[in-house]
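These notes concern the structure reproduced below.
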Amino acid sequence: MKKKIIITLAILLAVIFTSAAGFAVATNALGKKEKPSDYKVGISYEQALESNKPMVALFYVDWCGYCLRFMPKFKALSLLYGTRFNFVMIDVENPANKALVEDVALTGFPTVYIIDPKYDNRVLINNAIYQNFQKFKVELNRYLRIRGLLDKADK
C-alpha cells in the first residue's frame, strides 16, 4: 500500500513539473518578454539627436523588474506619439552609453527624460507621472504645447 502511494505521488509530481515546464516554454514562445531590452522600442540616441523631434529617453537596466513592468506603457506611448517624439531606450550598463549616463542624474530605474536637442532642453519625468499612463500623456501633450510656442517664437 505504501509503495502504491509513493509511486502515485511520484507520478503526480512528475506530471506537475512537466506541465509547469511546458507552460513556461509555451509562454516564452508566445512572446513573453523577460527583460526590457527584448522590447526594442524606438531608435538609437544618436539617431534621435539628428532629428528635429524631441525624444522620450528611457534609461533602464535589464535586471530591473520595474523597468520590465514599465515597458508595455513605453511601447504603447511610442505607438501613440511616435510621429511627434522619438522614443529611445538607453541601456545604462552598456559601456557605449557611459558618457551619456554620467551626464544625466539617475536616481533609480527606470528613469525617463524628455530630451529636446533643438532647444537644449531636458525634462525629468518622475515615477509618479510615468507610472500612470494618463498622467504621462498629459505631460507629453504639455511639452508639445510648450515646444509649439517656442517654435512660433523662433520664426
Side-chain angles (χ1 to χ4, degrees), residues 16-155:
I16 290 171
F17 285 125
T18 303
S19 297
F23 177 74
V25 169
T27 303
N28 208 15
L30 293 173
K32 182 177 183 298
K33 311 286 194 230
E34 294 183 355
K35 57 188 186 230
S37 60
D38 290 343
Y39 279 84
K40 310 261 188 274
V41 174
I43 62 176
S44 74
Y45 180 75
E46 291 75 20
Q47 290 171 313
L49 283 177
E50 298 299 319
S51 172
N52 194 32
K53 294 191 290 188
M55 72 179 90
V56 178
L58 167 66
F59 293 85
Y60 73 95
V61 289
D62 271 338
W63 49 261
C64 172
Y66 295 111
C67 298
L68 182 59
R69 283 195 303 232
F70 175 66
M71 290 311 301
K73 290 178 189 168
F74 190 70
K75 183 171 184 164
L77 287 167
S78 75
L79 295 173
L80 287 172
Y81 288 90
T83 59
R84 294 173 280 176
F85 286 96
N86 289 313
F87 283 77
V88 177
M89 293 176 58
I90 301 157
D91 181 356
V92 171
E93 294 182 320
N94 183 338
N97 298 326
K98 184 178 180 186
L100 175 60
V101 169
E102 288 176 357
D103 187 44
V104 296
L106 299 178
T107 58
F109 304 110
T111 297
V112 180
Y113 276 97
I114 297 173
I115 300 174
D116 195 339
K118 181 177 180 182
Y119 293 108
D120 191 25
N121 192 18
R122 184 167 54 198
V123 178
L124 174 65
I125 306 297
N126 78 35
N127 65 353
I129 292 172
Y130 70 68
Q131 292 298 333
N132 181 302
F133 193 75
Q134 293 305 319
K135 287 182 180 179
F136 201 162
K137 285 174 50 178
V138 167
E139 288 304 310
L140 293 176
N141 290 330
R142 177 179 291 133
Y143 190 85
L144 290 171
R145 278 192 315 275
I146 292 169
R147 190 173 198 263
L149 294 173
L150 290 171
D151 286 344
K152 284 181 185 176
D154 200 27
K155 288 182 180 182

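What you are looking at is a predicted structure, and each value in this text was computed from that prediction instead of being measured.
- Taking CD1 from Ile115 and CG from Leu124, the interatomic distance works out to 10.0 Å, rounded to the nearest 0.5 Å.
- To the nearest 0.5 Å, atom CG of residue Leu100 and atom CG of residue Leu49 are 8.5 Å apart.
- Shown here for Pro110 and Cys67, the closest heavy-atom pair between the two residues is N-SG, 3.5 Å.
- Counting heavy atoms of neighbouring residues, nucleotides and ligands inside a 6.0 Å radius, atom CG of Asp103 exceeds 12 of them.
- Here the side chains of Met55 and Ile43 are not in contact, with every heavy-atom distance at 4.5 Å or above.
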Could you walk me through whether Val56 and Leu140 pass the side chain to side chain contact (heavy atoms under 4.5 Å, CB included) test, one step at a time? CA-CA 9 Å; Val56 178; Leu140 293 176; 3.7 Å; yes
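- Taking all atoms of both residues into account, the shortest heavy-atom contact from Asn97 to Asp91 is ND2-O, 2.8 Å.
- Phe59 is listed as a side-chain neighbour of Val104, based on a closest heavy-atom distance under 4.5 Å.
- Summarising the local packing, NZ of Lys118 is surrounded by more than 12 heavy atoms from other residues, nucleotides or ligands at distances under 6.0 Å.
- With hydrogens and angles ignored, the 3.5 Å screen pairs no side-chain donor or acceptor of Ser51 with any backbone N or O of Ala48.
- Side-chain N or O atoms of Asn141 include one that pairs as donor or acceptor with a backbone N or O of Lys137 at under 3.5 Å.
- Residues Leu80 and Phe133 are in side-chain contact: their nearest non-hydrogen atoms beyond the backbone lie under 4.5 Å apart.
- Residues Phe109 and Tyr66 approach most closely at O-CB, 3.9 Å, considering heavy atoms.
- The aromatic rings of Phe136 and Tyr130 lie tilted to each other, with the angle between the two planes from 30° to 60°.
- No more than 12 heavy atoms of other residues, nucleotides or ligands sit less than 6.0 Å from atom NZ of Lys98.
- Atom OG1 of Thr111 sits about 11.5 Å away from atom CD1 of Ile125, to the nearest 0.5 Å.
- When side chains are defined from C-beta on, Ile114 does not count as touching Arg142, because their heavy atoms never get closer than 4.5 Å.
- Taking 4.5 Å as the limit, some side-chain heavy atom of Leu106 sits within range of a side-chain heavy atom of Val92.
- Using a 4.5 Å cut-off on side-chain heavy atoms (C-beta onward), Lys40 and Met89 make no contact.
- In terms of heavy-atom proximity, Pro72 sits nearest to Leu68 at CD-O, 3.5 Å.
- Closest approach of Phe74 and Val88 over heavy atoms only: CZ-O, 3.6 Å.
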Given the rule in the side chain to side chain contact (heavy atoms under 4.5 Å, CB included) test, do Asp38 and Met71 qualify, once you have shown the distances and angles that lead to the verdict? CA-CA 9 Å; Asp38 290 343; Met71 290 311 301; over 6 Å; no
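- Expressed to the nearest 0.5 Å, how far CD of Glu139 lies from CG of Asn132 amounts to 10.5 Å.
- A donor-acceptor pair is defined here as one N or O able to donate and one able to accept, closer than 3.5 Å; no such pair exists between the side chain of Lys75 and the backbone of Val41.
- Residues Pro36 and Val61 come closest through the heavy atom pair CG-O, 3.7 Å.
- Of the inter-residue distances, the one linking Ile129 atom CD1 with Gln134 atom CD reads 13.5 Å to the nearest 0.5 angstrom.
- Relative orientation of the Tyr143 and Phe85 rings is tilted, given thresholds of 30° and 60° on the angle between their planes.
- Between atom CG of residue Asp62 and atom CD of residue Glu34 there is a gap of 10.5 Å, rounded to the nearest 0.5 Å.
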